[in-house]
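Note sheet for the following structure.
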Amino acid sequence: MRKLVLLAIAAAAAAILPTAATAAAATAPVQPAVQATARAGGPTADQILAKLASCKQISNGKYKTDEDSKTATVPVCDAGKAVFWKADMDIDCDGQRSAQCNEKTDCCYQDNTAFPQSDGKALDAAKLPYIVVPSASGIWNYEKSGLKGGGSCAVIYNGKVEYTVIGDTGPNKIIGEASYATAKDLGINPDPKNGGVESGVTYVCFKNSTVSPIENHANATSTGEKLAAAFVG
């Protein structure tokens, strides 16, 4: 008799459990899917590049990509909420000394950057993705275009987008330079002696923007993603 009762109870429980499991699955939160979407963050490289199909030149002339270039071929262009240029990428290894960036690894190494960290120290090119803008000249003055040290930029290469800050200034007739860390993150050889790439890099800098503190790459990424999304519209 006891066995029959137990069997009856077991059968009843088996009938109830699938229903409970189904109900639980129906009411389970969908947070993982939402979080995965949120982590994607920011527009794609193609979406940004689509906004840069034509150039409204604002530079008074064009820039060379290297000192030994025979001609100047790169204009700076206005794109409403941003300015941009399409050039090469030379490697900037200036700033704090590191195993990657020092007098031995870079013949032209300097232990400072135009725009320092919040603690007054130079930026760390080996760790911080940043770009270099040309020093002000008759060709173009970046400040008059709403750009400044610590401003937010997106660097695009080979389908990848890297959000950076404006971290240094360079020669006033040459354009197309970024830090060791920027190159590395984009899959470009970051070696200051033989690295970089000769073409195919797009630099987009958002007007009147600031990343604070300048050395916080997470902040640069979140700020850049928001500005890029607004730029793409």
Side-chain angles (χ1 to χ4, degrees), residues 33-59 62-63 65-66 73-92 125-134 140 142 145-147 150-168 170 174-191 195-211 214 216-233:
V34 174
Q35 290 171 353
T37 302
R39 283 196 298 269
T44 65
D46 286 343
Q47 287 174 323
I48 298 174
L49 291 174
K51 290 289 186 177
L52 313 176
S54 61
C55 173
K56 179 182 177 183
Q57 184 170 330
I58 55 173
S59 56
K62 298 180 180 180
Y63 286 95
T65 54
D66 295 291
T73 59
V74 181
V76 177
C77 312
D78 184 81
K81 296 178 181 179
V83 300
F84 72 95
W85 55 94
K86 299 180 179 182
D88 64 341
M89 182 183 287
D90 297 323
I91 306 302
D92 185 12
K127 293 182 179 180
L128 180 69
Y130 68 76
I131 73 159
V132 180
V133 294
W140 180 54
Y142 64 91
S145 293
L147 308 187
S152 173
C153 301
V155 185
I156 303 169
Y157 177 72
N158 199 25
K160 296 180 179 179
V161 183
E162 177 73 4
Y163 292 102
T164 73
V165 292
I166 296 174
D168 205 357
I174 299 174
I175 204 166
E177 187 175 6
S179 69
Y180 182 106
T182 304
K184 183 179 178 181
D185 286 356
L186 287 170
I188 296 171
N189 179 3
D191 192 318
V197 67
E198 293 184 359
S199 63
V201 184
T202 301
Y203 303 80
V204 187
C205 291
F206 303 106
K207 298 178 181 179
N208 305 310
S209 63
T210 302
V211 174
I214 187 174
N216 190 316
H217 182 50
N219 287 357
T221 299
S222 60
T223 298
E225 287 175 346
K226 292 175 183 177
L227 292 171
F231 176 68
V232 168

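None of these values were measured; they are calculated from a predicted model.
Contact annotation: the side chain of Tyr157 never approaches that of Met89 to less than 4.5 Å [non-hydrogen atoms, C-beta and beyond]. Side-chain atoms of Thr65 and Ile174, non-hydrogen and from C-beta on, never get closer than 4.5 Å to each other. Counting heavy atoms from C-beta on, the side chains of Val161 and Val155 never come closer than 4.5 Å. Between Ile91 and Asp191, every side-chain heavy-atom pair lies at or beyond the 4.5 Å cut-off. Using a 4.5 Å heavy-atom cutoff, the side chains of Phe84 and Ile156 are not in contact. The shortest distance between side-chain heavy atoms of Val83 and Ile58 falls below 4.5 Å. Contact annotation: the side chain of His217 approaches that of Glu162 to within less than 4.5 Å [non-hydrogen atoms, C-beta and beyond]. For the pair Cys205/Ile166, a side-chain contact is recorded, criterion being any heavy-atom separation below 4.5 Å from C-beta on.
Atom-to-atom distance recorded for Cys77:SG and Lys86:NZ is 8.0 Å, nearest 0.5 angstrom. Rounding to the nearest 0.5 Å places OG1 of Thr202 at 9.5 Å from CD1 of Ile48. Note that CG of Leu49 is 12.5 Å distant from NZ of Lys51, once rounded to the nearest 0.5 Å. With values rounded to the nearest 0.5 angstrom, Asn219 atom CG is found 12.0 Å from Thr210 atom OG1. The structure places OG of Ser152 at 10.0 Å from CD of Glu225, a figure rounded to the nearest 0.5 Å.
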Side chain to side chain contact (heavy atoms under 4.5 Å, CB included) between Tyr142 and Val76, worked out: CA-CA 10 Å; Tyr142 64 91; Val76 177; over 6 Å; no

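Residues meeting the ring pair (Phe, Tyr, Trp, His ring centres under 6.0 Å) test with Tyr203, sequence neighbours left out: Trp85. Remark: Ser145 engages Trp140 in a side chain to side chain donor-acceptor pair (under 3.5 Å) (not counting sequence neighbours). With sequence neighbours excluded, the residues satisfying side chain to side chain donor-acceptor pair (under 3.5 Å) with Asp78 are Lys207.
Taking all atoms of both residues into account, the shortest heavy-atom contact from Ala125 to Tyr130 is CB-OH, 3.5 Å. Taking both residues in full, the closest heavy atoms of Ser179 and Pro129 are given as OG-CA, 3.5 Å, listed atom of the first, atom of the second, then distance. Between Pro190 and Tyr180, the shortest heavy-atom distance links the atoms O-CD1, 3.1 Å. Looking at every heavy atom in both residues, Leu147 comes nearest to Phe206 through CD2-O, 3.9 Å. Nearest heavy-atom pair across Asp88 and Val197 is CB-O, 3.2 Å. For the pair Gly170 and Val132, the tightest heavy-atom approach, listed with the atom from each and the gap, is N-CG1, 3.4 Å.
No more than 12 heavy atoms of other residues, nucleotides or ligands lie within 6.0 Å of CD in Glu198, so this atom counts as exposed by the packing criterion. The 12-atom threshold is not exceeded at NZ of Lys184, counting heavy atoms of other residues, nucleotides or ligands nearer than 6.0 Å.
Within the 3.5 Å criterion, the main-chain N or O of Thr44 finds a donor-acceptor partner in the side chain of Gln47.
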